Amino acid sequence: MRKMLTTKLASRWVRISNESTIHQIDSINSSTTVTLLSEQEIDIGFFINFDEIVKNDTLLKIKRTFNLHNGLLPNYRGCQPIVWQMLNNEKISLMTLHVMTTSIDDGDIVFECPFNINYKKGVFLNNVQSFKSIPSTLIFGLRKILYCTAPFTRQDQYKIQTQYFKRPSAQDTRKVYFKG
């Protein structure tokens, strides 16, 4: 049986698929969490709505790690991409499932699911809209991962200047919170 790790809710909970226990953690990189991961021999890890940089020591404890990123890659790497996309007046974004590497949001793209950015709704409801595409992104992405239905897309094939976006300031977030 494969063991799968899922993380969510701003990195404070982890669940291992063959256990009924949900583990509360302080940090994905803490020695306690790394020990837990070492003991479990995790085959696949999914990081969903995750706000912590995962260090290499932690990544090495999971055979294959993937991240769900609600932004167009490689254009919008980093934290809270919806804010930055709205500030740049983007019309469409993608829920992107990608391989995790030691660089932030830099791994090969497994699957992308588009969603419209609605400026009448503001940043919070656009995030909610993006989260609605998580189930289909995971289903199609997991099929691709498990059955190798097609190669992953390398981000370096895009001939654009990539940029990492830091966590937006309160002022930046206010600009798009109720934009419209």
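All residue numbers in this chain count up from 1 along the given sequence. Nothing here was measured: the structure is a model prediction, and the numbers come from that model.
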(request) Mind checking the CZ-CD spacing from Phe124 to Gln129? Nearest 0.5 Å is all I need. (result) 12.5 Å
(message) Please determine whether side-chain contact (heavy atoms from CB on, under 4.5 Å) holds for the pair Asp57 and Asn29, giving the CA-CA distance in whole Å, both sets of side-chain angles, and the decisive distance to 0.1 Å.
(response) CA-CA 8 Å; Asp57 289 347; Asn29 298 307; over 6 Å; no
(request) Apply the test side-chain contact (heavy atoms from CB on, under 4.5 Å) to residues Phe66 and Ile44: give CA-CA distance (whole Å), side-chain angles for both, the deciding distance (0.1 Å), then the verdict. (result) CA-CA 8 Å; Phe66 301 90; Ile44 299 175; 3.9 Å; yes
Donor-acceptor pairs under 3.5 angstrom involving side-chain atoms of residues 137-148: please list them, not counting sequence neighbours.
| unit_1 | atom_1 | unit_2 | atom_2 | d |
| --- | --- | --- | --- | --- |
| Thr137 | OG1 | Ser133 | O | 2.7 |
| Lys144 | NZ | Val110 | O | 2.8 |
| Lys144 | NZ | Pro151 | O | 3.3 |

(message) Quick check for you: to the nearest 0.5 Å, what is the distance between Ile82 atom CD1 and Leu125 atom CG?
(response) 11.5 Å
(request) Report, as yes or no, whether the 6.0 Å neighbourhood of atom CD1 on Ile53 holds more than 12 heavy atoms from other residues, nucleotides or ligands. (result) no
(request) State yes or no: do Leu68 and Ile92 share one hydrophobic cluster built from I, L, V, M, F, W and Y residues joined by side-chain heavy-atom distances below 4.5 Å, directly or via other members? (result) no
(request) Output, in order, the C-alpha distance, side-chain angles, deciding distance and verdict of ring pair (Phe, Tyr, Trp, His ring centres under 6.0 Å) for Trp84 and Phe165. (result) CA-CA 8 Å; Trp84 298 112; Phe165 287 86; 5.2 Å; yes
(message) Side chains of Leu97 and Ile109, heavy atoms from C-beta outward: is any pair under 4.5 Å?
(response) no
(request) Fit a plane to each ring of His69 and His98, take the angle between them on a 0 to 90° scale, and name the class: parallel (under 30°), tilted (30 to 60°) or perpendicular (over 60°). (result) perpendicular
(request) Can you see which heavy atom on Pro74 is nearest to which on Gln155, and at what distance? (result) CB-OE1, 3.0 Å
(request) Ignoring hydrogens and angles, tell me if any N or O in the side chain of Glu90 forms a donor-acceptor pair with the backbone of Met86 under 3.5 Å. (result) no
(message) A side-chain contact here means heavy atoms from C-beta on lying under 4.5 Å apart; do Thr65 and Phe47 qualify?
(response) yes
(message) Between Thr58 and Val54 (side chain of the first, backbone of the second, donor and acceptor by atom type, cut-off under 3.5 Å), is there such a pair?
(response) no
(message) My understanding is that only residues two or more places apart in sequence, or in another chain, count here; which of them pass side chain to side chain donor-acceptor pair (under 3.5 Å) with Thr102?
(response) none
(request) Could you tell me which non-hydrogen atom of Asp43 sits nearest to which non-hydrogen atom of Lys63, and how far apart they are? (result) OD1-NZ, 3.1 Å
(request) Determine, using the 4.5 Å side-chain heavy-atom cutoff (strictly less than), whether Leu60 and Val99 are members of one ILVMFWY cluster. (result) no
(message) Distance check, rounded to the nearest 0.5 Å: Phe111 atom CZ versus Thr153 atom OG1?
(response) 11.0 Å
(message) Once salt bridge (Lys or Arg N to Asp or Glu O under 4.0 Å) is applied, what residue pairs with a partner in residues 102-118 remain, sequence neighbours excluded?
(response) Arg77-Asp106
(message) Looking at Ser38 and Val34, would you say the former's side chain and the latter's main chain have a donor-acceptor pair under 3.5 Å?
(response) yes
(message) Can a donor-acceptor pair be found, under 3.5 Å and without considering hydrogens, that links the side chain of Asn116 to the backbone of Asn118?
(response) no
(request) Evaluate the side-chain proximity of Leu59 to Met100: yes if any heavy-atom separation is below 4.5 Å, no if none is. (result) yes
(message) So, taking the atom named NZ in Lys61 and the one named NZ in Lys55, what distance separates them when rounded to the nearest 0.5 Å?
(response) 14.0 Å
(message) Can you give me the closest heavy-atom contact between Asn126 and Ile117, atom names plus distance?
(response) OD1-CA, 3.4 Å
(request) Mark yes or no for whether Ser130, through its side chain, and Asn70, through its backbone, hold a donor-acceptor pair below 3.5 Å. (result) no
(message) For a quick test of reading the model, state the closest non-hydrogen atom pair linking Gly78 to Pro81 and the distance between them.
(response) O-CD, 3.8 Å
(request) Might you point out which heavy atoms bring Ser136 and Cys113 nearest each other, and give the distance in Å? (result) OG-SG, 3.8 Å
(message) Going by side-chain contact (heavy atoms from CB on, under 4.5 Å), Val83 matches just one of Asn88, Asn127, Val123. Which one?
(response) Val123
